[in-house]
Amino acid sequence: MSELPGIVVTGASGRMGQMLIRIIRESDRARLVGAIERSGHEWVGQDVGRAMGGADCGVIVTDEPLEAFAKAQAVIDFTAPEATLEFAKLAAQARAVHVIGTTGMSDEQIAKLEPAARHAPIVRAGNMSLGVNLLTQLTRQVAAALGEEFDIEVIEAHHRHKVDAPSGTALMLGEAAAEGRGVALEDVSDRGRDGITGARKPGDIGFVAVRGGDIVGEHDVLFAGEGERIILRHVATDRAIFARGALRAALWGQDKGPGQYDMIDVLGLRRD
Ligand SMILES: NC(=O)C1=CN([C@@H]2O[C@H](COP(=O)(O)OP(=O)(O)OC[C@H]3O[C@@H](n4cnc5c(N)ncnc54)[C@H](OP(=O)(O)O)[C@@H]3O)[C@@H](O)[C@H]2O)C=CC1
Ligand SMILES: O=C(O)C1=N[C@H](C(=O)O)C[C@H](O)C1
């Protein structure tokens, strides 16, 4: 019998890092083979199971990503944009599937993933949950069905520690709405209302970001017309949904060639 695919988790001590480690260790379809933290982090050199407050699991946290990636079939990476760019180069060198959950990457940073994607598959999505990816499809359909007399606003709420806005999910939903309307999001996006903004421009897609407490992630796509409103909503109550999606992506990528993919590919939801 062949061995289960080995997975390395970067940003092991983070909120998503710890959730991913838990989900991979519980899975009977994959093995945790590595956990990465940056040099100087107190977890480096410790067993990751113990660092997370449980029993040893035989995986020692390391600050040597390439060494760890070389022994793995996939890397799951929910860290920060600059770190993700470095991990992309190393995952490509190791020919490992790179699953990227990191948000807040600029267009320039996203473009820098392309060389790595020529050597190994990259699966990247601002939200790895089934529910949100379905919601993007619904958003596209509703936006296509309604005219500009319905104003579109994407309203998101997250915990107080989140560093980027709008969220990766909000941008996915905004892109889907823009696609439904047959326009480019960059031409209609309205992100920063403050002061005397003037009346809302017809056709704009607005973004509103709420930050507070321990909110895991909530997204509304509001279609506001005269006399009626439609609201499409996703509420995440447990980060496990993102980790399960990321693990699914890592397994899905095992027999894929180099290239860039997203969760719509992984979930088989692509229509075109
Ligand atoms: N796509 C999706 O489905 C989801 C995406 N996310 C995204 O995942 C990312 C992480 O979120 P979360 O876990 O909440 O964040 P945390 O801050 O809890 O964790 C981030 C981890 O990445 C590490 N890290 C940050 N910068 C670097 C660096 N330059 N080099 C090496 N390691 C680094 C941190 O280490 P240190 O503590 O030393 O800084 C930490 O371990 C965010 O971009 C978030 O938006 C989150 C949930 C779902
Ligand atoms: O930072 C988070 O927590 C989350 N980030 C992702 C995003 O930016 O959309 C996904 C999820 O909403 C949680």
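If you read the sequence from its start, that first residue is 1, and numbering goes on from there. Note that ligands are numbered from 1 as they come in the structure, with each ligand's atoms numbered from 1 the same way.
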Colleague: What about H119 and H98, are their ring centers closer than 6.0 Å?
Modeller: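 That pair fails the under 6.0 Å test.
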
Colleague: Rounded to the nearest 0.5 Å, how far apart are CG of L32 and CD1 of I23?
Modeller: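 One finds 12.5 Å between CG of L32 and CD1 of I23.
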
Colleague: Output yes when the distance from some N or O of ligand 2 to some N or O of G168 is under 3.5 Å, and no in every other case.
Modeller: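 Yes: some nitrogen or oxygen of G168 is under 3.5 Å from one in ligand 2.
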
Colleague: Less than 3.5 Å between some nitrogen or oxygen of K162 and one of ligand 1, yes or no?
Modeller: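 Yes, since at least one N or O of K162 sits under 3.5 Å from an N or O of ligand 1.
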
Colleague: What residue and heavy atom of the protein are closest to atom 30 (N) of ligand 1, and at what distance?
Modeller: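 Looking at atom 30 (N) of ligand 1, the protein heavy atom closest to it is A83 CB, 3.4 Å.
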
Colleague: Can you tell me the protein heavy atom closest to atom 20 (C) of ligand 1 and the distance?
Modeller: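 Result: F78 O, 4.0 Å.
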
Colleague: Can you confirm, on distance only, whether ligand 1 has an N/O atom lying under 3.5 Å from any N/O atom belonging to F242?
Modeller: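 For ligand 1, there is no N or O atom that lies under 3.5 Å from one belonging to F242.
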
Colleague: Under a 4.0 Å threshold between the charged nitrogen and the carboxylate oxygen, would R233 count as salt-bridged to E218?
Modeller: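 Looking at E218 and R233, the cut-off is not met.
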
Colleague: State, without any angle test, whether Q73 and Q254 hold a side-chain donor-acceptor pair at a distance under 3.5 Å.
Modeller: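 Absent: no donor and acceptor within the cut-off.
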
Colleague: Quick test of your reading of the structure: of Q18, E42, R38, H161, whose heavy atom lies closest to atom 38 (O) of ligand 1?
Modeller: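 The option holding the nearest heavy atom is R38.
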
Colleague: Measuring from non-hydrogen atoms of S13 to any atom of ligand 1, is the shortest distance under 4.0 Å?
Modeller: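 The answer is yes, since S13 has a heavy atom less than 4.0 Å from ligand 1.
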
Colleague: Give me the nearest non-hydrogen protein atom to atom 41 (O) of ligand 1 as residue plus atom name, then the distance to 0.1 Å.
Modeller: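 Here the closest protein heavy atom is E37 OE2, 2.7 Å.
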
Colleague: Between the main-chain N or O of L222 and the side-chain N or O of D220, is there a donor-acceptor pair closer than 3.5 Å?
Modeller: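 No, the answer is negative, given that no donor and acceptor are paired below the 3.5 Å cut-off.
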
Colleague: Salt-bridge test for R193 and E153: reply yes if a basic N is under 4.0 Å from a carboxylate O, no otherwise.
Modeller: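 Looking at R193 and E153, the cut-off is met.
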
Colleague: Check this for me - ligand 2, H219, N or O atoms closer than 3.5 angstrom, yes or no?
Modeller: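 N/O-N/O distance below 3.5 Å does not exist for this pair.
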
Colleague: Answer yes or no: is there an ion pair linking E26 with R22, defined by an N-O contact shorter than 4.0 Å?
Modeller: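 Here E26 pairs with R22 in a salt bridge, since their nearest N and O are under 4.0 Å apart.
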
Colleague: Please state which option from H158, M172, H161 has its nearest heavy atom closest to atom 13 (C) of ligand 2.
Modeller: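 Closest candidate by heavy-atom distance is H158.
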
Colleague: Mind checking ring pair (Phe, Tyr, Trp, His ring centres under 6.0 Å) for Y261 and listing every partner two or more places apart, or none if nothing turns up?
Modeller: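 With neighbours one apart ignored, the set is W252.
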
Colleague: Quick check: does A125 get an N/O under 3.5 Å from an N/O on ligand 1?
Modeller: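 N/O-N/O distance below 3.5 Å exists for this pair.
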
Colleague: Does T103 reach ligand 1 with a nitrogen or oxygen that is under 3.5 Å from one of the ligand's nitrogen or oxygen atoms?
Modeller: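 It does: an N or O of T103 is found under 3.5 Å from an N or O of ligand 1.
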
Colleague: Among V9, I76, V61, which residue satisfies the side chain to side chain contact (heavy atoms under 4.5 Å, CB included) criterion with I21?
Modeller: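 When V9, I76, V61 are each tested with I21, the side chain to side chain contact (heavy atoms under 4.5 Å, CB included) holds only for V9.
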
Colleague: Taking 4.0 angstrom as the limit, do D262 and R270 come out as a salt bridge?
Modeller: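 Salt bridge: yes.
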
Colleague: Which of the atoms of ligand 1 are close to H41, meaning less than 4.0 Å from one of its heavy atoms?
Modeller: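 Close to H41: 38 (O).
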
Colleague: Starting from atom 3 (O) of ligand 1, find the nearest protein heavy-atom neighbour and note its residue, name and distance.
Modeller: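 Of every protein heavy atom, M128 N, 2.8 Å lies nearest to atom 3 (O) of ligand 1.
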
Colleague: For atom 5 (N) of ligand 2, what is the closest protein heavy atom, and at what distance to 0.1 Å?
Modeller: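 Heavy-atom neighbour on the protein nearest atom 5 (N) of ligand 2: K162 NZ, 3.2 Å.
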
Colleague: So is H159 in contact with ligand 2, going by heavy-atom distances below 4.0 Å?
Modeller: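 Under 4.0 Å: yes for H159.
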
Colleague: Using non-hydrogen atoms of the residue, decide whether R239 is closer than 4.0 angstrom to ligand 1.
Modeller: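 False for this residue.
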
Colleague: Could you check whether any heavy atom of V216 sits closer than 4.0 Å to an atom of ligand 2, since that is the contact criterion I want to use?
Modeller: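 Yes.
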
Colleague: For atom 13 (O) of ligand 1, what is the nearest protein heavy atom, given as residue, atom name and distance?
Modeller: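 Sorting protein heavy atoms by distance from atom 13 (O) of ligand 1 puts M16 N, 2.8 Å first.
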
Colleague: Looking only at N/O atoms, are T102 and ligand 1 under 3.5 Å apart anywhere?
Modeller: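 Between T102 and ligand 1 (N or O atoms, distance only) the closest approach is not under 3.5 Å.
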
Colleague: Checking D56 side chain against G58 main chain: does a donor-acceptor pair fall under 3.5 Å?
Modeller: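 Side chain of D56 to backbone of G58: no pair is present.
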
Colleague: Ignoring hydrogens and geometry, is there a side-chain-to-backbone donor-acceptor pair from Q109 to S106 under 3.5 Å?
Modeller: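 Flag set: sc Q109 to bb S106 pair under 3.5 Å.
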
Colleague: Can you sort out which atoms of ligand 1 are near A80, meaning under 4.0 Å from one of its heavy atoms?
Modeller: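 Under 4.0 Å from A80, ligand 1 has these atoms: 25 (C), 26 (N).
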
Colleague: Can you list the atoms of ligand 2 that are under 4.0 Å from a heavy atom of S167?
Modeller: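 So the answer, numbered in order with elements, is 7 (C), 8 (O), 9 (O).
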
Colleague: Can you list the atoms of ligand 1 that are under 4.0 Å from a heavy atom of G126?
Modeller: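 Once the distances to G126 are compared, the set is 1 (N), 2 (C), 3 (O).
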
Colleague: State plainly whether the residues E156 and R211 are in salt-bridge range, i.e. N to O under 4.0 Å.
Modeller: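 Between R211 and E156 there is a salt bridge, with a charged N closer than 4.0 Å to a carboxylate O.
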
Colleague: Hey, are D151 and R200 close enough for a salt bridge, meaning a charged N less than 4.0 Å from a carboxylate O?
Modeller: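 Judged by the 4.0 Å cut-off on N to carboxylate O distance, D151 and R200 do form a salt bridge.
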
Colleague: In the hydrophobic clustering that connects Ile, Leu, Val, Met, Phe, Trp and Tyr at side-chain heavy-atom distances below 4.5 Å, which members other than I122 occupy its cluster, ordered by chain and number?
Modeller: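 Joined to I122, directly or through intermediates: L85, I100, M105, I110, L113.
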
Colleague: In this structure, does ligand 1 have an atom that sits under 4.0 Å from one of the heavy atoms of E82?
Modeller: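 E82 does not count as a contact of ligand 1 under the 4.0 Å cut-off.
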
Colleague: Got the closest protein heavy atom to atom 24 (N) of ligand 1, with its distance?
Modeller: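 For atom 24 (N) of ligand 1, the nearest protein heavy atom is T79 CB, 4.0 Å.
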
Colleague: Below 4.0 Å from ligand 1: does a non-hydrogen atom of G104 turn up there or not?
Modeller: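 So G104 does not count as touching ligand 1.
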
Colleague: Within the side chain of E179, is there an N or O that forms a donor-acceptor pair under 3.5 Å with the backbone of R140?
Modeller: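 No: the side chain of E179 does not pair with the backbone of R140.
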
Colleague: I need the atoms of ligand 2 closer than 4.0 Å to a non-hydrogen atom of G126, numbered in the order shown.
Modeller: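 Under 4.0 Å from G126, ligand 2 has these atoms: 6 (C), 7 (C), 9 (O), 10 (C).
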
Colleague: Among all protein heavy atoms in this structure, tell me which lies nearest to atom 9 (O) of ligand 2, with the distance rounded to 0.1 Å.
Modeller: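 So the nearest neighbour among protein heavy atoms is T169 OG1, 2.4 Å.
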
Colleague: Name the closest protein heavy atom to atom 19 (O) of ligand 1, giving the residue it belongs to and the distance to 0.1 Å.
Modeller: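 Its nearest protein heavy-atom neighbour is G14 CA, 3.3 Å.
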
Colleague: Look at the side-chain heavy atoms of Ile, Leu, Val, Met, Phe, Trp and Tyr, link any pair under 4.5 Å apart, and say whether I205 and V142 land in one connected group.
Modeller: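 Yes; tracing contacts between hydrophobic side chains, which count when under 4.5 Å, links both residues.
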
Colleague: Can you tell me which residue and heavy atom of the protein come closest to atom 7 (C) of ligand 1, and the distance to 0.1 Å?
Modeller: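 Answer for atom 7 (C) of ligand 1: G101 O, 3.5 Å.
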
